[in-house]
Amino acid sequence: MALTFTEQDLQQIASMGITPEEVEKQIENFRNGFPKTKLNEAATVENGGIIRLSDKEIDHYSKVYKNKSKGKKIMKFVPASGAASRMFKDLYAFSSTYFGVARNFEKEFPSVKDFLQHIRSFAFFEDLKDCMEKSHLDFGDYMDRGDFTTVINYLLKEQYLGYGVLPKALLKFHRYGDTSRTALEEHIVEGAEYACNSDGQVNLHFTVSPEHRPLFRKKVAEVKEKYESQLGIKLNITFSEQKHYTDTIAVDEYNEPIRDENGKLTFRPGGHGALIENLHECKADIIFIKNIDNVVPDWMKHTTIVYKQALAGMMLELQSKMFQYIEELKKEPSEKKLREIETFIVEKLHFTVGHHESINTWKKALRKALYRPIRICGMVKNQGEPGGGPFFAKSSFRDTSLQVVETAQINRKEESQESILNSATHFNPVDLVCGTRDYRGNRYDLKRYIDPATGFISKKTKGATTVKSQELPGLWNGAMSEWITLFVEVPLATFNPVKTVNDLLRKEHLEA
């Protein structure tokens with residue numbers, strides 16, 4: 001059933017840079033749902049789906065990276081939008097439960113107990129204490145008498161330290177003697193080690209929320225000169241926001257568009273999959289992707305740096321071979337050469353070529369298989385973390401290929417699919433090295449390699465109303481479904497995300 005849009009609707013839709021047909025397609029997705037991804041088997045080290053590098057191979061690929069990256073533009077891409085409020089979920093719950101002196105809360109809020117017991121260990125402690133002193137409050141007095149809610153409010157509320165509304169990138173994560181670093185600063189220091197261009201320039205790109213952009217700019221202005229001097233580099237830090245045309249319409253439980261008090265259609269951000277548009281605009285030959293909260297102090301960085309260089313070297317070596325074969329396909333290759341190219345595609349890239357009726361169609365199929373962006377994805381051993389993992393899976397375009405698949409994409413009611421999910425040995429930590437330019441140096445159109453059937457539908461209750469929203473295919477799963485993908489095992493030491501404030505108390509985030 002086609003929608004009827006008012007003139008106001010059409011103007012609103014046009015102002016967002018989308019078409020009525022796209023909105024109708026989104027409504028259709030709500031009505032029909034998205035198909036579940038069909039898993040063939042988990043990708044493991046044993047079946048060749050995940051590569052385990054020897055020390056010799058790590059050394060080889062690191063050298064390849066240092067040699068082949070000369071003259072290429074390198075960039076680090078960090079999704080960093082959103083406030084850090086979820087980090088403090090338990091603190092918010094505590095402060096809304098207790099007013100004034102709090103007693104006997106330890107069983108109900110054990111994480112808050114840990115937070116308070118170790119509060120002096122956090123890198124932001126001195127800032128919190130100073131913030132209270134500016135209001136003529138003594139931190140020690142409030143702790144001694146058990147008025148923990150006041151202390152927590154001074155940490156979280158916007159009129160004080162404001163950690164509950166700041167972006168995670170701008171929270172102080174690690175302490176170094178009398179100084180400390182935010183997550184953003186740790187990405188600068190880390191990026192200088194493996195994402196430095198031949199001319200000494202380090203390109204970092206952060207995706208941010210519009211309301212946070214001024215805060216990011218202010219922080220960069222404060223620290224840029226210091227790190228350029230300390231590290232002997234030149235920083236080029238850029239920002240982008242999620243595009244409005246990637247927003248998706250919100251509907252009620254009957255799949256009817258929801259309108260606000262002014263009668264305007266309600267749209268929601270399309271999730272991190274929308275960032276494929278931002279990635280597409282990045283002009284670089286080598287792009288490292290890593291989440292904002294997965295950083296460690298200097299004493300823990302070595303393993304991360306070594307593996308980043310190795311993954312990049314592997315990507316460049318494979319990409320070089322792909323480009324060589326594309327050039328050969330432009331000539332008159334022998335059948336022997338065509339078989340060699342197909343063997344490389346099937347055995348090294350885990351891509352199927354399909355049936356070919358003639359030499360000409362065979363050549364076209366081989367070129368199509370090779371002409372794609374490439375990514376090498378680090379995978380860590382599964383420690384029960386929620387989220388995506390590496391699988392051999394069927395996409396909308398082909399029988400089987402290596403895919404990062406989120407749990408929500410899997411039909412867990414089907415016994416065979418649940419069994420494959422449970423057999424997965426590794427987890428996706430978002431540790432990617434990407435090649436997004438073709439053999440001529442032109443950027444691929446990354447939107448051509450998205451599997452549109454891998455979106456998500458989420459439901460939230462707002463009062464008595466059910467609000468359904470739609471997320472675009474995720475950045476590292478459906479949005480990169482048709483990329484050449486290889487999985488490489490990386491050590492757990494490279495994965496230390498900060499999902500809750502107490503994660504900063506783990507030994508990996510404290511001073512050595």
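Counting from 1, the numbers follow the sequence of the chain as shown. Please read these numbers as outputs of a predicted model, since none were measured by experiment.
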Asker: I'd like to know whether Ser419 forms a side chain to side chain donor-acceptor pair (under 3.5 Å) with Asn422, so could you lay out the CA-CA distance, the side-chain angles of the two residues, the decisive distance to 0.1 Å, and finally the verdict.
Answerer: CA-CA 5 Å; Ser419 176; Asn422 291 332; over 6 Å; no
Asker: Please walk me through it: do Asn278 and Ser240 pass side chain to side chain donor-acceptor pair (under 3.5 Å)?
Answerer: CA-CA 7 Å; Asn278 305 62; Ser240 65; 2.8 Å; yes
Asker: Does a donor on one side chain and an acceptor on the other come within less than 3.5 Å for Asp9 and Thr6?
Answerer: yes
Asker: If the plane angle is over 60° it's perpendicular, under 30° parallel, otherwise tilted; pick one for Tyr444 and Tyr371.
Answerer: perpendicular
Asker: So, for Phe267 and His244, is the gap between ring centers shorter than 6.0 Å?
Answerer: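 Between Phe267 and His244, the centre distance exceeds or equals 6.0 Å.
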Asker: With sequence neighbours left out, what residues match Ser198 under side-chain contact (heavy atoms from CB on, under 4.5 Å)?
Answerer: Lys70
Asker: Going by side-chain contact (heavy atoms from CB on, under 4.5 Å), name the residues that satisfy it together with Lys331, two or more places apart in sequence or in a different chain.
Answerer: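 Once residues adjacent in sequence are excluded, Lys331 has no partner under the side-chain contact (heavy atoms from CB on, under 4.5 Å) criterion.
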Asker: Taking the six-membered ring for Trp, are His350 and Phe392 parallel (under 30°), tilted (30 to 60°) or perpendicular (over 60°)?
Answerer: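 His350 vs Phe392 ring planes: perpendicular.
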Asker: Charged N to carboxylate O below 4.0 Å: is that the case for Glu241 and Arg213?
Answerer: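 Yes, charged N to carboxylate O under 4.0 Å.
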Asker: Carefully, step by step, assess Thr400 and Asn40 under the rule side chain to side chain donor-acceptor pair (under 3.5 Å).
Answerer: CA-CA 7 Å; Thr400 307; Asn40 285 44; 3.1 Å; yes
Asker: My understanding is that only residues two or more places apart in sequence, or in another chain, count here; which of them pass salt bridge (Lys or Arg N to Asp or Glu O under 4.0 Å) with Glu328?
Answerer: Lys337
Asker: Less than 4.0 angstrom from a charged side-chain N to a carboxylate O is my criterion; do Lys336 and Glu340 meet it?
Answerer: no
Asker: Enumerate the ring pair (Phe, Tyr, Trp, His ring centres under 6.0 Å) contacts for residues 26-47, please, sequence neighbours excluded, ordered by first and then second residue.
Answerer: none
Asker: Please report, to 0.1 Å, the donor-acceptor pairs under 3.5 Å made by any side chain of residues 484-494, with sequence neighbours excluded.
Answerer:
from, atom 1, to, atom 2, distance (Å)
Thr485, OG1, Arg375, NE, 2.8
Thr485, OG1, Arg375, NH2, 3.3
Thr485, OG1, Trp483, O, 3.4
Glu489, OE1, Arg52, NE, 2.7
Glu489, OE2, Arg52, NH2, 3.3
Glu489, OE2, His426, NE2, 2.8
Thr494, OG1, Pro491, O, 2.7

Asker: Report yes if the distance between the aromatic ring centroids of Tyr194 and Tyr65 is under 6.0 Å, otherwise no.
Answerer: no
Asker: With the threshold set at 4.0 Å, does a side-chain nitrogen-carboxylate oxygen contact exist between Lys36 and Glu414?
Answerer: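 Salt bridge: no.
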Asker: For Asp247, give me all partners under salt bridge (Lys or Arg N to Asp or Glu O under 4.0 Å), at least two apart in sequence or on another chain.
Answerer: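 With sequence neighbours excluded, Asp247 shows a salt bridge (Lys or Arg N to Asp or Glu O under 4.0 Å) to no residue whatsoever.
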Asker: What pairs meet the ring pair (Phe, Tyr, Trp, His ring centres under 6.0 Å) rule with one or both residues in residues 206-230, with sequence neighbours excluded?
Answerer: Phe216-Phe239
Asker: Charged N to carboxylate O under 4.0 angstrom, Glu256 versus Lys468?
Answerer: no
Asker: Side chains of Asn197 and Lys73: do they bring a donor and an acceptor to under 3.5 Å?
Answerer: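 No, no side-chain donor-acceptor pair sits under 3.5 Å.
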Asker: Within a radius of less than 6.0 Å around CG of Asp55, do more than 12 heavy atoms belonging to other residues, nucleotides or ligands occur?
Answerer: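 Result for CG/Asp55: open.
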Asker: With a 4.0 Å cut-off, would you call Glu335 and Arg339 a salt bridge?
Answerer: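 The answer is yes: the pair qualifies as a salt bridge.
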Asker: Do the charged groups of Arg412 and Glu418 touch, with an N to O distance under 4.0 Å?
Answerer: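 Counted as a salt bridge, because a side-chain N and a carboxylate O are separated by less than 4.0 Å.
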Asker: Are Tyr439 and Gln319 linked by a side-chain donor-acceptor pair shorter than 3.5 Å?
Answerer: no
Asker: So does Asp59 pair up with Lys56, basic N to acidic O under 4.0 Å?
Answerer: no
Asker: Test of understanding: with side-chain contact (heavy atoms from CB on, under 4.5 Å), list the residues that count as partners of Asn236, not counting sequence neighbours.
Answerer: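 By the side-chain contact (heavy atoms from CB on, under 4.5 Å) rule, Asn236 matches Gln201, Asn203, Thr238.
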Asker: Which residues satisfy the side chain to side chain donor-acceptor pair (under 3.5 Å) test with Ser54, sequence neighbours excluded?
Answerer: Glu57
Asker: Among Lys25, Glu24, Gln26, which residue meets the side chain to side chain contact (heavy atoms under 4.5 Å, CB included) test with Glu28?
Answerer: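 Answer after filtering Lys25, Glu24, Gln26: Lys25.
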Asker: Report the residues that fulfil side-chain contact (heavy atoms from CB on, under 4.5 Å) with Glu471, sequence neighbours left out, ordered by chain and then residue number.
Answerer: Phe456
Asker: With a 3.5 Å cut-off and no angle check, do the side chains of Lys76 and His205 form a donor-acceptor pair?
Answerer: no
Asker: Quick one: ring pair (Phe, Tyr, Trp, His ring centres under 6.0 Å) pairs with a partner in residues 312-342, sequence neighbours left out?
Answerer: Tyr325-Phe344
Asker: For the atom pair CG (Asn477) and OG1 (Thr37), what is the distance rounded to the nearest 0.5 Å?
Answerer: 8.0 Å
Asker: Do the side chains of Lys447 and Glu277 get close enough for a salt bridge, i.e. N-O under 4.0 angstrom?
Answerer: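 Yes, Lys447 and Glu277 are salt-bridged.
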Asker: Taking everything shown except Arg506 itself, do over 12 heavy atoms lie less than 6.0 Å from its CZ?
Answerer: yes
Asker: Taking distance alone, no hydrogens or angles, what donor-acceptor pairs closer than 3.5 Å link side-chain atoms of residues 308-318 to residues at least two apart or in another chain?
Answerer:
from, atom 1, to, atom 2, distance (Å)
Lys308, NZ, Asp431, OD1, 2.6
Glu317, OE1, His60, NE2, 2.9

